[in-house]
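Scroll down for the structure; my scribbles are underneath it.
All figures in this text were calculated on a predicted structure; none of them were measured in a lab.
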Amino acid sequence: MLYYFIPDKSIFGGIKVGFQLAEMLNDLGVPCVVATPGALAPQWFASSVPVVSSEWAQQNLEPHDRVMFSLPHDYERLSHLSQDLIFHCNGTDPLIDPILADKSVRHLSCWAQASSYMRARGVEPTEIGISVSDCFFYAGTPKREATACYMSRRGLDIVERTKAENPDIEYCAIEEMNEQQVAQVMQTSSYYLATSEGEWFGLPALEAMAAGCIVVSVPVLGGMEYLENEANCIVTECARMPSALSELTCPETHAERFAMRQRALATAYNYRASLQKQRLRELLRGPLEYLH
């Protein structure tokens, strides 16, 4: 059995990505359960993965069971549980460096940037990719032209300055929403403001692109494999986000906006769940064969 230890059920992209991977592995014939404190499962997205308590799992693992994790803080407490420890790398916080230095750990990566970071430290990861939930992909829902959505967890000051300089835009904060609600907001919004500077992960901006939003983003790390400035999005310094949105929304740029939105949709389609699942299927016949 493969036990994927996830720290809690909060609204964080890494938690959803962990459950998505566990579900795909089960579908592909690799028995996998998620272990969380108190066996509590997230309610903000749908998943069919069995959930057990991390307390029970730590006490009942068999010698042949495997352990997977993504939160760097879990490495120390989990490293003694199994001789087959698998690190699912979502982002490149330097806290992962001791994990990369442990030659007994197997490594999976989601992003090209994460793979590069790991290789620079002497680790060759298995690149399993990442995917956007099907509910985000644009299906023709009418968009309200002068609307922008954003997540306020980081960079709220950037949003407030952008609002002050662009008062004709209607803004919607994505807070404490489930996945379906987030998808609905993005499906009807024209723009998405990505304000988490230096973000190691960056899944929401990709979800917004899938939903047909034009993304205006501050510089990030983990999302640069899909963010192509002035092609499928706008990447701008934090101080310039208000003016970048103003320039983007002026009537004269209508044709450019249409083309940018179409390129964003085309980019996001490379991250369909069905494509990641196919990639995993092929890897299970090669580098991930040990999971069977």
Side-chain angles (χ1 to χ4, degrees), residues 4-25 34 36 40-47 49 51 68-74 87-93 95-96 108-115 117 125 127-137 149-156 173-187 189 192-211 213 215 217-227 233 264 267-268 270-273 275-277 280:
Y4 194 140
F5 282 79
I6 288 180
D8 60 37
K9 58 185 180 68
S10 303
I11 303 178
F12 288 100
I15 290 174
K16 178 166 65 174
V17 167
F19 270 84
Q20 287 174 331
L21 176 58
E23 187 163 25
M24 288 183 186
L25 289 173
V34 167
T36 67
L40 298 176
Q43 301 300 306
W44 54 279
F45 61 88
S47 176
V49 179
V51 178
M68 186 181 291
F69 70 103
S70 61
L71 185 70
H73 303 78
D74 284 343
F87 176 50
H88 181 204
C89 181
N90 299 162
T92 53
D93 188 313
L95 287 172
I96 74 173
L108 311 179
S109 68
C110 293
W111 300 111
Q113 182 268 341
S115 297
Y117 184 96
E127 296 186 24
I128 64 170
I130 201 165
S131 58
V132 173
S133 299
D134 288 342
C135 64
F136 284 97
F137 284 90
C149 58
Y150 63 93
M151 293 184 179
S152 58
R153 185 174 291 158
R154 288 180 62 190
L156 185 57
I174 297 174
E175 297 176 332
E176 300 301 322
M177 295 182 184
N178 63 40
E179 186 179 56
Q180 291 287 340
Q181 291 168 330
V182 174
Q184 185 176 13
V185 169
M186 289 180 170
Q187 291 269 350
S189 298
Y192 175 76
L193 307 181
T195 59
S196 182
E197 187 178 16
E199 174 66 57
W200 290 311
F201 199 43
L203 185 60
L206 184 56
E207 293 170 338
M209 292 172 76
C213 294
V215 171
S217 177
V218 297
V220 295
L221 296 175
M224 290 310 296
E225 72 177 53
Y226 66 83
L227 293 174
C233 69
T267 298
N270 294 318
Y271 295 86
R272 299 288 314 225
L275 295 179
Q276 188 190 11
K277 195 171 182 179
L280 285 170

To the nearest 0.5 Å, how far apart are [atom1] in [X] and [atom2] in [Y]?
{"X": "M151", "Y": "S196", "atom1": "CE", "atom2": "OG", "answer": "11.0 Å"}
{"X": "L21", "Y": "I128", "atom1": "CG", "atom2": "CD1", "answer": "4.5 Å"}
{"X": "I174", "Y": "R153", "atom1": "CD1", "atom2": "CZ", "answer": "11.5 Å"}
{"X": "Q181", "Y": "E176", "atom1": "CD", "atom2": "CD", "answer": "10.5 Å"}
{"X": "R272", "Y": "F136", "atom1": "CZ", "atom2": "CZ", "answer": "12.0 Å"}
{"X": "Q180", "Y": "S133", "atom1": "CD", "atom2": "OG", "answer": "8.5 Å"}

Please examine the side chains of [Y] and [X], heavy atoms only from C-beta on, and report whether any two atoms are closer than 4.5 Å.
{"X": "Y117", "Y": "I96", "value": "yes"}
{"X": "S131", "Y": "M24", "value": "yes"}
{"X": "K16", "Y": "P42", "value": "no"}
{"X": "L95", "Y": "H73", "value": "yes"}
{"X": "K9", "Y": "T36", "value": "no"}
{"X": "F5", "Y": "L71", "value": "no"}

Would you name the heavy atoms of [X] and [Y] that are closest together and state the gap between them?
{"X": "I15", "Y": "S10", "answer": "CD1-O, 3.3 Å"}
{"X": "C135", "Y": "A183", "answer": "O-CB, 3.6 Å"}
{"X": "S152", "Y": "L156", "answer": "CB-CD1, 3.8 Å"}
{"X": "C149", "Y": "M186", "answer": "SG-CG, 4.1 Å"}

(Q) My understanding is that only one of F45, F12, Y4 makes a ring-ring contact (aromatic ring centres under 6.0 Å, His included) with F19; could you say which? (A)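 With F19 as partner, ring-ring contact (aromatic ring centres under 6.0 Å, His included) holds for just one option, F45.
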
Whether the side chain of [X] engages the backbone of [Y] through a donor-acceptor N/O pair (distance < 3.5 Å, no angle test) should be reported.
{"X": "Q187", "Y": "F137", "result": "yes"}
{"X": "E197", "Y": "V220", "result": "no"}
{"X": "W44", "Y": "M177", "result": "no"}

Worksheet item: Name the one of L206, N270, V215 that satisfies side-chain contact (heavy atoms from CB on, under 4.5 Å) with Y226?
Response: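 With Y226 as partner, side-chain contact (heavy atoms from CB on, under 4.5 Å) holds for just one option, L206.
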
Should we count CD of E23 as having more than 12 external heavy atoms under 6.0 Å?
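Yes, enclosed.
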
* Parallel, tilted or perpendicular: ring planes of W111 versus Y271, cut at 30 and 60 degrees ->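 Answer is tilted, since the angle falls between 30° and 60°.
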
Residues in side chain to side chain donor-acceptor pair (under 3.5 Å) contact with T195, at least two apart in sequence or another chain: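 Listed in chain order: nothing, the list is empty.
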
Partners meeting side chain to side chain donor-acceptor pair (under 3.5 Å) with Y192 (sequence neighbours left out)
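For Y192, no residue satisfies side chain to side chain donor-acceptor pair (under 3.5 Å) once neighbours in sequence are set aside.
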
